[in-house]
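One structure is given here, and the rest of the page talks about it.
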Amino acid sequence: MAAITLTGVGVAIFVLLRVVPGDPIAMMISPGASPADIAALRAHYGLDAGIGQQFVVWARDLLRGDFGVSISLHRSVLELLAERLPATLELAGAAFVVALLLGVSVSVVAVLASDSKVAPLIDTVNGLFLAVPDFIWALLLVLTFGVFAPVLPLSGRIDPSLDTHFTTPFYLLESLLTLRVALFSDICKHMIMPTLALALPLAAVLTRVLKESLREAMVQDYVLLARLKGKSRLRLVLQEALRNAIAPALALTGVQFTFLIGGTVIVERIFSYPGIGNLAIDAVINRDLPLIQGLTLAFGALFILVNIAVDLLVVAANPRLRHG
Amino acid sequence: MSAPILVIDGLSAVSQRDGTPILRRVSLTLHRGETRGLVGESGAGKSTIGKAILHILPSAVRVTAGQILFEDRDLLTMPSAPLRRLIGERIALIPQDPMTALNPGRRIEAQLTDGLRLIRGASARTARARALSLLEEVHIREPERVLRAYPHELSGGMRQRVLIAAAFALEPALIIADEPTTALDVTVQKQILRLLRNMQNAHGTAVLFVTHDLGVVAQVCDSVTLLFGGKVIEEGPVAQVLEAPRHAYARALLDACPRSDHPELGLRPIPAELIARLRREVATP
Amino acid sequence: MVEGALTQRTDVSATRRRWDWIGVCVADPKVAVGGGFILCLCLVALAAPLIAPHDPLEQDIMLGLTPPPGFAGAEPGHWLGTDDLGRDVLSRVLYGSRVALTVAFAASALAAVIGSTLGLAAGWRRGWVDAAISRLVEIWMAFPPVLLSILLVAVVGPGVGSVIAAIAIIDWTRFCRVVRAETMNQASADYVTAARAVGFAPGRILMREIFPNVAPVLIALISLEMGIAVIVEAILSFVGLSVSSDTPTWGGMIAEGRQALHEGWWILAAPLTLLLLTVLAFNLLGEGLRRALDPVMRR
Amino acid sequence: MTDDLLRADELKIVFDTPRGLFKRKGAGVQALRGVSVRVGRGETIGIVGESGSGKTTLGRALLRLADVSSGRIVFDGRDITGLGERDMRPLRRRMQLIFQDPMASLNPRHTIRRIVTEPMLFHRVAADPADAQRRARAIFERFSLPLACLARFPHELSGGQRQRVGIARAALLAPDFVLADEIVSGLDVSTQAQALNLLKELSRDLGLAMAFISHDLSVVRAVCDRVYVLRQGLVVEEGRCDAVFESPKHPYTRALLDAIPSPRIDPGWLQRDQGD
């Protein structure tokens with residue numbers, strides 16, 4: 001299944017870049033290149049062959065682990081991916097965790113307070129949050145913390161003046177595990193705004209779905225029976241309702257998490273965060289064909305991995321599926 | 001007869017939304033070991049009474065008058081903490097739909113031992129031993145396996161047995177059975193009714209049996225209260241109410257039931273005039 | 001005679017009821033507020049040349065970076081201040097709504113047509129049609145939408161037309177997924193079995209029985225999609241790929257504002273606020289329409 | 001018998017279990033394992049069984065709304081087992097269906113008027129819309145449904161009214177055969193009696209043949225001439241209602257009958273066991 005989709009993604013990106021109007025070479029060359037230069041370039045990238053043959057060569061190289069060389073950065077695409085992907089993974093992971101914590105706690109509070117005046121307030125605020133996408137959040141945060149309360153760094157992943165000696169590209173994890181507190185807090189400061197921009201829309205979606213399924217679960221007879229045995233409302237929500245309500249919310253979060261990964265593209269751009277999203281925009285603007293292909297494939301693989309992980313989580317959360 | 005275990009006196013309730021009465025001065029008495037049927041068509045208010053006793057009325061319904069005396073304590077005026085404890089320990093509920101009454105995400109063992117552990121403070125081991133003996137008492141084969149199972153692995157009849165076991169776990173004095181067999185096939189229904197009756201006789205439990213089925217009432221109840229529009233229309237021993245009903249509505253309801261034993265008797269629609277007259281009668285204080 | 005009168009009366013009430021939904025929709029506060037805002041914005045976009053106080057392209061280096069009234073150094077006549085080239089921010093924002101709304105309407109209509117056609121086909125025919133379309137959607141969604149749109153516009157070349165095409169090509173999947181699920185859901189309802197039992201042809205069942213029940217979700221989705229299209233257009237202009245730089249766009253202004261953040265925050269704040277309000281309005285409208293068009297929930 | 005209106009021989013239906021992400025293709029569930037039924041002209045048969053007996057599947061198969069794996073269905077002397085949707089169309093008017101859940105079976109976006117008149121126009125039972133409306137009004141009066149209902153939407157009616165609209169929709173096509181699938185299981189006894197009497201009257205007046213699917217044997221006994229007892233996809237007993245109910249032969253039928261609680265007090269009933 002996953003293999004089919006990934007192959008589909010590969011074929012689609014390949015065809016898209018070659019069949020749509022516009023010569024891929026025309027995207028690369030600077031104006032005023034001689035026809036001979038163009039032909040040489042064409043031969044260099046194997047673009048003089050037929051499209052079928054081109055695809056075979058590309059796929060063969062891919063399977064060997066050869067993603068080609070970036071035209072604009074003159075570096076191996078694989079190397080660039082290895083350097084930039086961890087930054088994006090840390091950002092997306094942090095956003096996911098924040099969204100999950102926010103979503104679950106707001107939903108639980110909303111259900112606990114469902115008889116009070118707080119509940120409609122939460123609903124309304126959440127409704128507003130649902131409508132605002134990551135792009136707008138990012139800019140609102142920039143405006144707030146860049147101009148009105150300048151306490152957070154506006155761009156980058158780490159303060160360049162700090163001693164940055166990392167053995168892995170996972171800066172956040174490494175600094176945490178090696179207990180370099182100053183570094184860790186600096187990285188966190190840099191990540192707060194992009195993480196929030198990505199997490200808030202996801203948290204809102206999660207809250208809406210989880211809140212509804214929690215409310216639905218709370219009126220089931222099994223919750224009623226547990227209530228008659230004297231369980232407190234908090235325990236009813238956490239012990240009885242949550243485990244049944246979380247499965248549909250998780251399933252939806254899977255789709256939304258892939259949107260979140262997509263959102264890293266523009267959010268990284270706004271905060272000049274050195275991940276693959278930011279890199280991808282540069283690659284497109286510079287018409288860097290091998291890099292675009294490599295990055296798109298990386299995004300595709302990420303999408304598929306997330307979907308598989310979510311499928312597994314949904315199964316784990318639902319005994320009915322677990323026992324088939 | 002022994003002293004009554006439950007006395008409901010002049011219980012009235014209204015809908016918060018539009019103020020329409022849902023219960024109109026309902027009174028009934030239940031003795032130790034007695035089964036009282038609470039019957040009526042939809043909207044008669046029969047399950048509202050059970051919910052009022054358990055303090056689980058929906059927020060849209062408000063009790064306006066009356067008393068619910070359980071073992072001589074008024075449930076409507078008791079402070080909340082001792083009330084919760086009293087209800088948890090002395091009154092149990094068997095709900096209608098065995099499909100939704102067990103938590104799909106928890107094993108049977110956890111659900112069966114909740115009450116023992118929370119209210120009696122039993123250890124995991126004693127609670128488990130008690131759960132096993134309860135499952136044996138409700139005639140479940142392989143109780144060990146069932147304890148480890150999730151609800152979806154059990155049939156509807158099995159789940160209802162588990163729910164009956166859970167209801168008897170703390171030896172309650174009163175069980176409120178809210179249409180406990182409506183969702184089951186007839187052959188399973190009979191087994192469950194028999195099981196409930198036998199358990200009840202063995203433990204001396206009183207049962208308030210909410211149902212719309214006069215056949216079930218005839219076969220399992222000792223006494224019956226017939227409701228229409230939130231008002232008691234007729235009440236008394238089953239033999240009297242079903243064989244010699246005093247009120248025209250009770251007679252009409254019996255005539256409307258399809259009868260497999262006497263097909264020529266049943267299926268007579270209730271005259272519209274009778275319903276209209278009843279509505280007026282119920283509305284006038 | 002009596003019978004004729006009766007027919008007439010019931011018919012009158014039926015016609016009245018047929019148009020009832022407009023009244024119901026307008027009466028919904030969400031529709032009223034959201035729709036009202038969008039309507040005003042449309043009027044502003046149409047009348048931009050008449051109401052804009054300045055030419056949006058007119059530069060005045062002497063009056064660069066003046067803040068809005070109420071702040072030190074404000075210049076009268078520039079209600080939202082000026083940018084670093086001395087262009088009037090208010091006028092630029094007003095003109096920017098033209099591109100935003102054009103893209104919103106055209107792109108969402110196009111995406112809705114493509115997506116719901118495929119979604120109806122997949123949900124109704126099932127079998128291999130559904131398998132093929134679903135797999136296509138899955139492959140499509142593996143591309144980050146923002147990256148894909150940037151890619152498409154980069155390949156095809158900038159311009160309003162390619163922005164619209166790019167958004168439609170990417171976002172048809174939203175419609176396809178929802179319409180497919182809703183069609184399947186409706187197709188399993190008893191009223192469809194009832195229609196089959198009458199003997200209605202499959203096409204008629206799909207269009208006359210099922211589609212009216214799918215339509216409210218679709219309408220709500222179109223409204224949401226307009227909000228999304230406005231955002232995507234802003235993102236594309238932000239990256240510098242939408243329309244040529246001498247047409248004012250909200251995204252382009254946001255990009256300029258991001259650069260000049262410390263010198264003139266209002267250059268970012270003005271288009272961002274309008275963008276936010278527009279997106280909220282489309283969402284409000286969509287949500288309200290979904291509720292108002294549901295025959296069971298209305299009343 | 002030659003005057004059977006509808007007969008089904010040795011029907012078998014196997015459902016494929018869907019393939020999941022972590023499951024291989026299942027072997028398939030046998031819903032019907034060789035069931036034969038026949039319905040004479042003007043006759044009402046009952047099909048009873050508990051959940052999982054295959055009674056609803058059988059009903060849908062009789063109307064060709066579910067595909068059969070093997071067996072034969074003959075309607076009015078014509079083999080309709082393999083008939084395409086287009087060829088079935090003229091026959092559809094003659095075989096109608098009334099549903100268990102009247103709310104789900106009425107399109108929530110259509111007015112009651114549209115729901116009851118469209119089928120008549122489609123099958124040319126009514127000459128024009130005015131004629132269709134006249135017929136609808138006549139039957140509404142007969143069913144004591146307020147005429148104002150015609151302009152309403154399904155959710156604006158009461159449960160009993162919706163069920164009567166469902167019956168009216170089928171009856172207006174003047175069918176030869178009507179399948180009634182658990183049509184009274186959600187109703188109170190008083191409404192139930194009203195709907196059943198209406199149906200009995202209709203079948204008598206129009207000479208309708210009916211198949212009445214129910215889990216409730218007392219209801220079947222009240223309205224049917226003959227009865228089929230279904231268990232796990234097989235007919236375990238069939239015969240005239242009186243015969244089957246007075247002296248059931250199969251232990252399962254006996255158990256079913258014995259399990260019905262009668263509103264007449266029978267002190268030994270609860271502890272008594274029969275059958276099995």
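From a predicted model like this one, the values you see are computed outputs, not experimental measurements. Chain naming here is simple, since letters A, B, ... match the order of the sequence lines and numbering starts at 1 in each.
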Please classify the contact between C:Ile150 and chain A as side chain, backbone, both or neither, with a heavy-atom cut-off of under 4.5 Å. both

Checked C:Leu147, C:Leu276, C:Ile235 vs chain A; the most non-hydrogen pairs under 4.5 Å come from C:Ile235

Please classify the contact of C:Phe238 with chain A as side chain, backbone, both or neither, using a heavy-atom distance under 4.5 Å. side chain

Report the option among A:Ile281, A:Thr296, A:Ile270 that has the most heavy-atom pairs separated by less than 4.5 Å from atoms of chain C. A:Ile270

Side chain to side chain contact (heavy atoms under 4.5 Å, CB included) assessment of C:Met141 paired with A:Asn307: CA-CA 11 Å; C:Met141 286 179 54; A:Asn307 275 315; over 6 Å; no

Report yes or no: is the cationic atom of C:Arg258 (NZ for Lys, CZ for Arg) closer than 6.0 Å to the six-membered ring centre of A:Phe135, at no more than 45° off its axis? no

Nearest atoms (heavy-atom pairs only) where C:Val146 meets A:Gly262: CB-O, 4.4 Å

With a 4.5 angstrom heavy-atom cut-off, which part of A:Leu128 approaches chain C: side chain, backbone, both or neither? both

Top of C:Val279, C:Thr273, C:Leu261 for chain A proximity - count of heavy-atom pairs under 4.5 angstrom: C:Leu261

Chain A shares the most heavy-atom pairs under 4.5 Å, among C:Leu268, C:Leu272, C:Leu136, C:Leu148, with C:Leu272

Would you say A:Arg208 has more than 12 foreign heavy atoms packed within less than 6.0 Å of its CZ? no

C:Glu138 to A:Phe303 - nearest heavy-atom pair and separation: O-CE2, 3.7 Å

Which bit of C:Ala234 is near chain A, if near means a heavy-atom gap under 4.5 Å: side chain, backbone, both or neither? both

Under the 3.5 angstrom rule, does the side chain of A:Arg269 hit a backbone N or O of C:Val239 as a donor-acceptor pair? no

Tell me, for A:Leu140 versus chain C, whether the close heavy atoms (under 4.5 Å) come from the side chain, the backbone, both or neither. both

Contacting region of A:Val142 [heavy-atom separation from chain C under 4.5 Å]: both

Under 4.5 Å from any heavy atom of chain A, what part of C:Leu224 do you find: side chain, backbone, both or neither? neither

Checking C:Ile228 against chain A: side chain, backbone, both or neither under 4.5 Å from a heavy atom? neither

Under a 4.5 Å heavy-atom cutoff, which of A:Leu154, A:Leu297, A:Val11 has the most pairs with chain C? A:Leu154

Which residue, C:Leu275, C:Val232, C:Ile231, forms the side-chain contact (heavy atoms from CB on, under 4.5 Å) with A:Pro133? C:Ile231

